[in-house]
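One structure below.
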Amino acid sequence: MPDRTPPRDPAAAPAGAWSGRFTEAVADLVKRYTSSVDFDHRLAAADIAGSRAHARMLAAQRVIGEKDLADIERGLDAIAADIEAGRFEWSRDLEDVHFNVERRLTETVGDAGKRLHTGRSRNDQVATDVRLWLRGAIDDLLARLAALRHAFCDLAEKHAATIMPGFTHLQVAQPVTFGHHLMAYDAMLARDMERLADARKRVNRSPLGAAALAGTSFPIDRERTRAELGFDALCPNSLDAVSDRDFAIEFAAAASLVMVHLSRFAEELVLWSSPRFGFVTLADRFCTGSSIMPQKKNPDVPELVRGKSGRVVGHLVALLVLMKAQPLAYNKDNQEDKEPLFDTVDTLADTLAIMADLVATGIEPDAQRMRDAAREGYATATDLADYLVRKGLPFRDAHEAVARAVRRAEEKGCGLEDLPLAELRAFAPQAGEDVAAALTLEGSVASRDHPGGTAPSAVRAAIAAARASLPAR
Ligand code: ARG
């Protein structure tokens with residue numbers, strides 16, 4: 001650890017070491033280190049809404065007078081207007097959004113402003129603000145998720161019958177439809193919406209009234225502020241109310257999963273758009289060129305989606321570690337919840353918007369390349385085995401017979417469907433004239449027409465169900 005002890009006699013110190021301004025400089029550093037207004041000014045609208053509800057409750061409970069309430073409301077209106085217009089001057093000297101607003105209120109309306117904080121602490125105030133802000137952010141994100149899901153449904157509908165290889169271990173496995181593949185992402189995003197809506201329930205509880213940690217001796221009406229602020233319930237314990245950040249962690253976890261899902265899709269776009277796959281072309285506006293290689297078109301947007309998933313997962317970890325050793329109740333550590341939370345919301349909001357645009361208008365599939373790739377890897381081998389089972393062969397025997405047929409086709413460098421029937425019968429005597437139909441890609445996907453299957457009809461049913469579950473656009 002560096003030794004920062006100032007020399008005993010500052011006058012004797014070499015110039016530029018520990019000057020007489022030392023105390024001053026450290027004070028500035030501490031101010032910068034401890035103040036949060038540079039980022040928490042984003043909570044201003046929530047802070048004002050919370051203050052208004054608190055003041056109305058205090059007036060209704062006769063803790064402050066009607067004149068005080070009128071002054072406070074007038075002052076808060078003016079402050080809200082100033083902030084909205086970008087006229088409000090935030091001061092780092094006043095530490096955070098709460099002190100900045102309160103000081104201005106007092107400057108504007110006098111003593112009434114000083115009465116606002118009766119029966120309240122910045123501890124329940126900031127918890128209230130963060131919850132209100134996050135509730136609004138979740139509602140916005142849910143709308144963005146719905147828009148992205150609509151885009152997936154639209155693209156899936158266009159390609160309900162477009163054949164592509166389905167992969168396991170990134171090896172060609174069985175033919176699927178591109179629409180079905182896209183709807184897999186819709187299924188992930190549907191769970192994401194459930195998770196966010198569920199997290200919202202625990203975000204939307206009112207800590208107001210917990211005051212610093214122990215509640216207040218004033219005759220407050222917590223139920224009144226809860227209702228006015230649109231919270232669903234009260235936080236039941238004052239110590240927990242001011243120190244709980246579970247709701248932020250739950251949100252960050254749900255957000256991380258959204259990013260992980262989008263990162264998986266992004267990775268597929270990177271693969272599919274590489275000339276080796278050539279399954280899709282991405283619109284130019286989602287790509288950039290190389291500064292040195294003139295031929296390059298790089299899938300920057302998908303790569304950044306993949307990359308930004310790391311920072312959101314990082315924010316989740318930051319919040320978990322932030323909480324893990326905090327004794328009850330409020331600790332200043334909690335001020336560190338805001339930047340991860342804000343950046344999580346910002347990153348997710350941008351990512352959802354850009355992905356919705358990309359899915360809606362930026363992906364041009366090459367149906368022929370996809371189809372050719374599906375033909376390459378003996379993707380209908382399972383269909384041949386199923387065909388033989390239907391002819392009476394036990395599945396394990398059918399599996400073995402087809403494996404040998406595949407080896408033969410491989411030797412000949414042809415597809416299973418190109419093996420003459422006589423040759424196929426050497427491995428599987430049960431094969432008849434109708435075997436050709438079982439080996440077509442279209443026949444393969446069409447046969448999987450149960451709920452959750454890849455048949456065009458099943459994909460269309462999945463799209464209809466997804467749309468019915470979504471808010472209209
Ligand atoms: N800026 C602080 C925060 O974000 C507000 C609460 C301060 N409370 C306190 N006891 N210092 O957490």
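In listed order, ligands and their atoms are each counted from 1. Positions are given from 1, in the same order as the sequence printed here.
Those atoms of ligand 1 that come under 4.0 Å of a heavy atom in Ser36, given as number and element, are 1 (N).
In this structure, Arg131 pairs ionically with Asp244, as a charged nitrogen and a carboxylate oxygen lie closer than 4.0 Å. Using a 4.0 Å cut-off between charged nitrogen and carboxylate oxygen, Lys308 and Asp350 do not count as a salt-bridge pair. With respect to Arg191 and Glu194, no salt bridge is recorded, no charged nitrogen being found less than 4.0 Å from a carboxylate O.
The shortest heavy-atom distance from Glu95 to ligand 1 is not under 4.0 Å. For His98, the heavy-atom gap to ligand 1 drops under 4.0 angstrom.
Taking atom 2 (C) of ligand 1 as the reference point, the nearest protein heavy-atom neighbour is Gln335 OE1, 3.3 Å. The protein non-hydrogen atom at the shortest distance from atom 4 (O) of ligand 1 is Lys338 NZ, 2.6 Å. Of all protein heavy atoms, the one lying nearest to atom 6 (C) of ligand 1 is Tyr330 OH, 3.4 Å. At the top of the distance list for atom 10 (N) of ligand 1, counting protein heavy atoms only, stands Asn123 OD1, 3.0 Å. Atom 11 (N) of ligand 1 has as its closest protein heavy atom Arg122 NH2, 3.3 Å.
Because its NZ or CZ atom is not both nearer than 6.0 Å to the ring centre of Phe247 and within 45° of the ring axis, Arg205 does not count as a cation-pi partner of that residue.
For the residue pair Asp343 and His315, a side-chain donor N or O sits within less than 3.5 Å of a side-chain acceptor on the partner. Remark: the Thr361 side chain and the Arg285 side chain contain an N/O donor-acceptor pair separated by less than 3.5 Å.
Contacts of Gln125 with ligand 1, taken as heavy-atom pairs under 4.0 Å, are absent altogether.
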Starting from the C-alpha separation in whole Å, work towards a yes-or-no answer on side chain to side chain contact (heavy atoms under 4.5 Å, CB included) for His54 and Thr128. CA-CA 11 Å; His54 180 67; Thr128 302; over 6 Å; no

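Residue Asp96 holds the heavy atom nearest to atom 5 (C) of ligand 1 of all those in Val37, Asp333, Asp96.
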